Structures are given as C-alpha cells and as structure tokens.
Number of protein chains: 2
Amino acid sequence: MPSRQIPSEQEPPRPLPPTAWAVLGLLSFPGERTGYELKKWADASLRFFYWSPAISQIYAELRRLETLGYATSRRSGPEEPRTKRRYAITEAGRAALAAWADSTQDVGPPVLKHPLVLRIWLGHLAAPERLRALVEEHLARTEAELRQVRAALARAEDHAEWAHPRIALRWSELRELAELELARAMLADLDRLAPPRGAIPVSHDGWPGPG
Amino acid sequence: MPSRQIPSEQEPPRPLPPTAWAVLGLLSFPGERTGYELKKWADASLRFFYWSPAISQIYAELRRLETLGYATSRRSGPEEPRTKRRYAITEAGRAALAAWADSTQDVGPPVLKHPLVLRIWLGHLAAPERLRALVEEHLARTEAELRQVRAALARAEDHAEWAHPRIALRWSELRELAELELARAMLADLDRLAPPRGAIPVSHDGWPGPG
DNA sequence: GTGTACATGTAATCCGTTACATGATTCC
DNA sequence: GGAATCATGTAACGGATTACATGTACAC
C-alpha cells in the first residue's frame with residue numbers, strides 16, 4: 001500500500017511549530033544573540049505567557065531557521081574571549097515572521113496545565129492538610145514569579161520597540177495577581193469543605209460570590 | 001559503548017506521566033466508563049484546568065493502566081446494543097493513585113501557553129487593528145468557555161464525592177472571569193499605544209493600576 | 001439512505017525533554 | 001585549584017497528535 005510519504009513528489013513544506021516562531025520572535029528584536037542568551041531571555045520573560053523551550057531545542061530551532069534562510073549566524077572570532085555563534089534574523093525571516101504574526105495560524109485557545117488544580121480535583125484521595133499545604137506552596141511560588149515578572153518589567157526599556165513586550169509582561173503581571181486570588185479563593189473553598197483544626201465553621205449561603 | 005539501556009539489568013519502573021494519573025483519576029469517580037466517555041468528560045471538565053488528551057491517547061493510557069493492574073476492563077455483551085469496553089479502577093489502582101495524589105510528584109508550576117499573548121508580544125510586526133481583532137476573538141471564545149464551565153458546574157451533582165471536582169470547576173469559572181478581565185486590560189493597553197480610529201486620546205499617568 | 005454520533009483502534013511522525021559530552025572562562 | 005557559569009551540541013526516548021481504518025446505531 002502506498003504510504004503518505006511519496007518520495008517522488010515534492011512535499012509541501014510543513015508549517016513551522018509555534019516554538020520556531022517564538023524563537024524567531026526573540027531574534028526579531030534589535031541585536032544579535034547566541035542560543036544561550038535566547039534561553040536566558042526566554043526564562044526571564046517568554047515563559048510567563050508562553051513557555052521556555054529547553055536549551056537543546058533552542059539550538060535545534062536556530063539551526064532549522066538558518067536552513068530556511070530565516071536567520072544567519074556567524075562565529076565570533078578572536079575579538080571576543082569566547083567563541084560563540086551569534087544569530088540574527090534575515091529579511092526573509094522578518095517577512096515570514098510578519099506574515100505569521102498577521103495570520104490567524106496557531107492562534108488557538110490558551111493551553112493551561114495546572115498540576116495543582118489536578119490534585120485538588122482528586123482531593124477526595126488526599127488528606128485535607130496536604131491539599132492546603134500544596135495551595136500554600138503554590139501561593140509562595142506565584143508570589144516569587146510575580147516578583148520576577150516585575151523585575152522583567154523594570155528591565156524592559158521604555159522605548160517604542162519594546163512597547164508590545166511590555167504589554168505582554170504587564171498582562172503577565174496581572175495574571176500572576178489573578179493566580180494569587182484564585183488560589184486564595186480555592187483555599188477558602190477547601191476550608192469550607194473541611195475546616196482546619198481550631199477553626200469555627202461559619203454558616204454560609206453556598207459559594208462565595210463576587211457579587 | 002554501552003547505552004543507557006542495559007538489557008541484563010532490571011529497569012526500574014519509570015514513573016507514569018501525569019496524563020496516566022489524570023485518566024486513572026477520571027476512573028476513580030463512581031461508575032464504569034468507556035474510553036469514548038472519558039474523552040467526552042475530559043473535554044467537558046478536565047480541559048478547563050488541565051487538558052484533554054487525544055482520544056487515541058486515552059485508549060493507549062487505558063491499555064497501559066490495565067497492564068499495570070490499575071484498571072480492569074470488560075467487553076459488554078449482548079445486554080447492550082453496542083459492544084464496548086468499559087473500564088473500572090482496581091484496588092491497586094486506587095492505592096497507587098492515592099499515593100500519587102498524596103505525593104509531591106508532578107506538582108510543578110502551572111504551564112501556560114497563550115498564543116494570543118505571544119502574538120501581542122510580537123505586536124510590532126502586525127497591524128494594530130489585527131491585534132485588536134485577535135483580542136476580541138479571544139474575549140468571545142473565553143465567554144463561550146465560561147458558559148461551558150458553568151454548564152459543567154450545573155451538571156456536577158451536589159454530593160460529597162463530587163465536592164473536589166466542584167472546587168476545581170469553581171476555580172475554572174473564576175479563572176475564565178479573570179481571563180476576560182486580563183484581555184480587556186490588554187485591549188486598553190493596545191488602545192493607548194495606537195488609539196483606534198475615531199477615538200480621542202486621553203491623558204493618563206502610565207499604567208492603569210488596581211490601586 | 002444519508003449523515004452524525006458512537007466506539008475502538010493502528011501507524012507515522014514530530015515535538016520536546018533529559019541525559020550525556022565537552023570545553024572555555026571567570027570568580028573565589 | 002575548584003566551582004559556577006558560559007556555551008554548544010548529540011543521542012535516546014517518550015509523549016502526544018494527526019491521519020487513517022473500520023464498523024455500528026440512530027435520527028431525520
């Protein structure tokens with residue numbers, strides 16, 4: 001039976017995964033960068049609203065982008081103490097990225113994988129105190145993330161080129177704040193279900209509503 | 001050179017991926033279910049705080065869980081119009097799931113992949129009107145999701161066994177509401193950057209703050 | 001009788017991670 | 001001199017998706 005791979009025919013170019021565009025996006029801002037720098041940058045900002053690829057994948061994407069002609073690289077010579085490979089976006093790359101950015105490709109619903117809520121969802125299998133502790137941990141981690149977002153926001157220069165990244169970071173800041181509120185509301189729900197030791201259960205009218 | 005796979009030695013059992021636990025979790029609630037039903041249920045509730053695996057993967061996970069002795073299946077016979085395979089959790093499965101639920105395994109930070117914010121982040125490459133339209137679409141989609149969460153919440157019976165799933169859904173409801181607020185705030189930020197046609201730009205003192 | 005939902009699977013393939021390997025530079 | 005960071009990769013592998021295949025039941 002003929003498989004889907006027909007070697008004699010030209011394969012239509014498969015669309016690039018969002019990760020490739022994200023990496024190319026990192027390159028679209030002023031300056032040349034190494035894969036290593038890109039990873040640090042992704043860790044410090046991209047990950048708050050998208051996600052930070054593994055370093056090995058960043059290198060792989062950079063190689064792919066170069067193969068496609070969307071990026072060029074040059075090995076730094078003796079002018080720098082360390083030999084490294086710096087990448088820059090090409091005109092073709094900028095055009096392709098702009099076309100993607102202006103398309104509706106890959107603009108799906110946000111994907112959320114929230115391990116904590118998964119645990120709560122299975123809360124009937126765990127000790128109430130354990131659940132509470134997990135939420136507390138999550139609160140602490142979220143507060144730490146909020147500080148990191150604010151640090152990134154403080155670093156973001158107040159120039160026109162960085163206006164959109166700042167909006168994304170601003171969104172992330174509000175998102176972390178919302179995450180804190182959500183966790184606190186969940187904690188209250190858990191307390192209502194199984195009041196913590198020493199607490200006096202109060203009467204209530206079902207769910208607490210925002211009114 | 002010897003690879004990491006040494007056939008002569010017993011491999012320590014690799015830990016199951018979160019997806020396996022999620023599927024086992026679906027089985028941990030009262031009732032026997034088919035893979036098909038599990039998929040529908042995941043689409044209707046799990047996906048709002050975790051994610052809904054592809055149907056083919058659900059079947060694969062069910063087979064794995066059965067291999068591990070965490071689930072049993074039986075083919076329905078002539079008593080049902082359609083032959084299907086119904087799965088149920090075993091005692092071993094319940095014990096393993098409870099151990100996982102009570103552990104701190106896989107309780108990492110929430111993973112968020114927000115394609116819309118990625119687009120905004122690259123907003124310098126797109127037309128302002130396009131960005132606005134994307135946010136509007138997102139608002140509409142989020143409102144639809146909110147309705148779905150509320151429908152799931154309405155379906156969730158008011159019994160003790162379902163208390164924790166209800167908390168997770170309640171969290172999801174608040175999350176969708178927060179998502180709406182976040183999108184509206186982002187829209188305002190975009191307007192400030194490039195006022196829509198016909199709008200009169202007003203003076204402002206930087207970012208709008210929650211106070 | 002035709003389309004939709006029900007129901008279960010296989011195959012191919014890619015995405016992405018972790019582990020491993022290697023070496024230079026900088027800081028203490 | 002030793003640790004941490006900088007810097008770039010390769011290899012193996014699992015996770016997950018999409019496309020494909022197949023057939024039943026039911027509603028209109």
Side-chain angles (χ1 to χ4, degrees), chain A residues 1-7 11-23 32-43 46-47 50-64 66 73-87 106 108 111 113, chain B residues 1-7 11-23 32-44 46-47 50-66 73-87 106 108 111 113:
Chain A
M1 59 193 155
S3 84
R4 276 183 294 149
Q5 295 261 93
I6 299 153
E11 289 279 320
R14 304 182 88 268
L16 289 173
T19 306
W21 298 115
V23 171
E32 280 181 315
R33 290 185 177 78
T34 69
Y36 194 88
E37 286 165 348
L38 256 30
K39 169 61 175 166
K40 279 195 304 178
W41 188 12
D43 280 345
L46 191 61
R47 84 172 161 104
Y50 205 71
W51 124 93
S52 187
I55 179 70
S56 63
Q57 175 151 15
I58 288 183
Y59 286 124
E61 293 295 353
L62 286 172
R63 286 189 291 268
R64 162 153 60 175
E66 190 164 28
S73 73
R74 55 181 191 84
R75 282 206 87 89
S76 67
E79 79 279 5
E80 266 188 309
R82 215 181 281 257
T83 58
K84 46 185 90 163
R85 186 172 288 275
R86 295 193 175 278
Y87 286 85
D106 302 310
V111 174
K113 277 188 163 194
Chain B
M1 62 196 159
S3 85
R4 276 184 296 150
Q5 292 259 93
I6 299 152
E11 290 281 321
R14 303 181 92 268
L16 289 174
T19 306
W21 299 115
V23 171
E32 279 182 315
R33 290 185 177 77
T34 68
Y36 193 89
E37 286 165 349
L38 255 32
K39 170 60 175 166
K40 279 195 306 178
W41 189 12
D43 280 345
L46 191 61
R47 85 172 162 105
Y50 206 70
W51 123 93
S52 187
I55 180 69
S56 63
Q57 175 151 11
I58 288 185
Y59 286 124
E61 292 295 352
L62 286 171
R63 286 189 291 267
R64 162 154 59 176
L65 291 172
E66 190 164 28
S73 74
R74 54 183 192 83
R75 281 206 88 88
S76 67
E79 79 279 6
E80 268 187 307
R82 212 182 284 255
T83 59
K84 47 184 91 165
R85 186 171 289 275
R86 294 193 174 278
Y87 285 85
D106 301 311
V111 174
K113 278 187 161 195

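Bear in mind that the values here come from a model prediction, so they are computed numbers and not experimental data.
Phosphate proximity of C:dT10 to B:Arg63: present, with a side-chain N or O under 4.0 Å from OP1 or OP2. Between D:dG15 and B:Gln57, no contact under 4.0 Å exists linking OP1 or OP2 to a side-chain N or O. For the OP1/OP2 pair of D:dC6 and a distance below 4.0 Å, the side-chain nitrogens and oxygens of A:Arg33 include no atom meeting the criterion. At the phosphate of D:dT17, OP1 or OP2 sits under 4.0 Å from a side-chain N or O atom of B:Trp51.
Here B:Trp41 contributes atom CH2 and B:Thr34 contributes atom OG1; the two are 12.0 Å apart, rounded to the nearest 0.5 Å. Distance CZ/A:Arg85 to CZ/A:Arg74: 11.0 Å, rounded to 0.5 Å. Note that the CZ atom of A:Arg63 and the CD atom of A:Glu66 stand 10.0 Å from one another [nearest 0.5 Å].
The separation between B:Leu38 atom CG and C:dT8 atom C1' is 13 Å, rounded to whole Å. One atom, CD of B:Glu66, and another, P of C:dT8, lie 12 Å apart when rounded to the nearest Å. Going from atom CH2 of A:Trp41 over to atom C1' of D:dA7 covers 19 Å, rounded to whole Å. If you take CZ of B:Arg47 and P of D:dT17, they are 14 Å apart, rounded to a whole angstrom. Atom CG of A:Asp106 and atom P of C:dC15 are 11 Å apart (whole Å). Rounded to an integer number of Å, the gap from A:Glu61 CD to C:dG16 P is 7 Å. For B:Ile55 and D:dA19, the CD1 to P distance is 16 Å, given to the nearest whole Å. One atom, CD1 of B:Ile58, and another, P of D:dT18, lie 13 Å apart when rounded to the nearest Å.
Within 4.0 Å (heavy atoms only), B:Lys40 reaches sugar-phosphate atoms of the nucleic acid but no base atom. No contact: B:Arg86 has no heavy atom under 4.0 Å from any strand. Using a 4.0 Å heavy-atom criterion, one finds that B:Thr19 contacts the sugar-phosphate atoms exclusively.
A side-chain contact (heavy atoms from CB on, under 4.5 Å) with B:Ser52 is found for exactly one of B:Ile58, B:Asp43, B:Leu46, namely B:Asp43.
Comparing C:dG9, D:dA7, C:dT17 by their closest approach to the side chain of B:Arg85 singles out C:dG9. Taking only side-chain atoms of A:Arg14, from C-beta outward, the nucleotide of C:dG16, C:dC14, D:dC6 with the closest atom is C:dC14. Counting only heavy atoms from C-beta on, B:Lys84 has its side chain closest to C:dT8 among C:dC15, C:dT8, D:dT17. Here the side chain of A:Tyr59 is nearest to one of D:dT8, C:dA5, C:dG9, namely D:dT8.
A:Lys39 places a side-chain N or O within donor-acceptor distance of the main-chain N or O of A:Pro53, the cut-off being under 3.5 Å.
Between A:Glu61 and A:Arg64 there is a salt bridge, since a side-chain N of the basic residue sits under 4.0 Å from a carboxylate O of the acidic one.
With hydrogens and angles ignored, no donor-acceptor pair closer than 3.5 Å exists between the side chain of A:Thr34 and the base of D:dT8. Judged by atom type and distance alone, B:Ser56 reaches the base of D:dT18 through a side-chain donor-acceptor pair under 3.5 Å.
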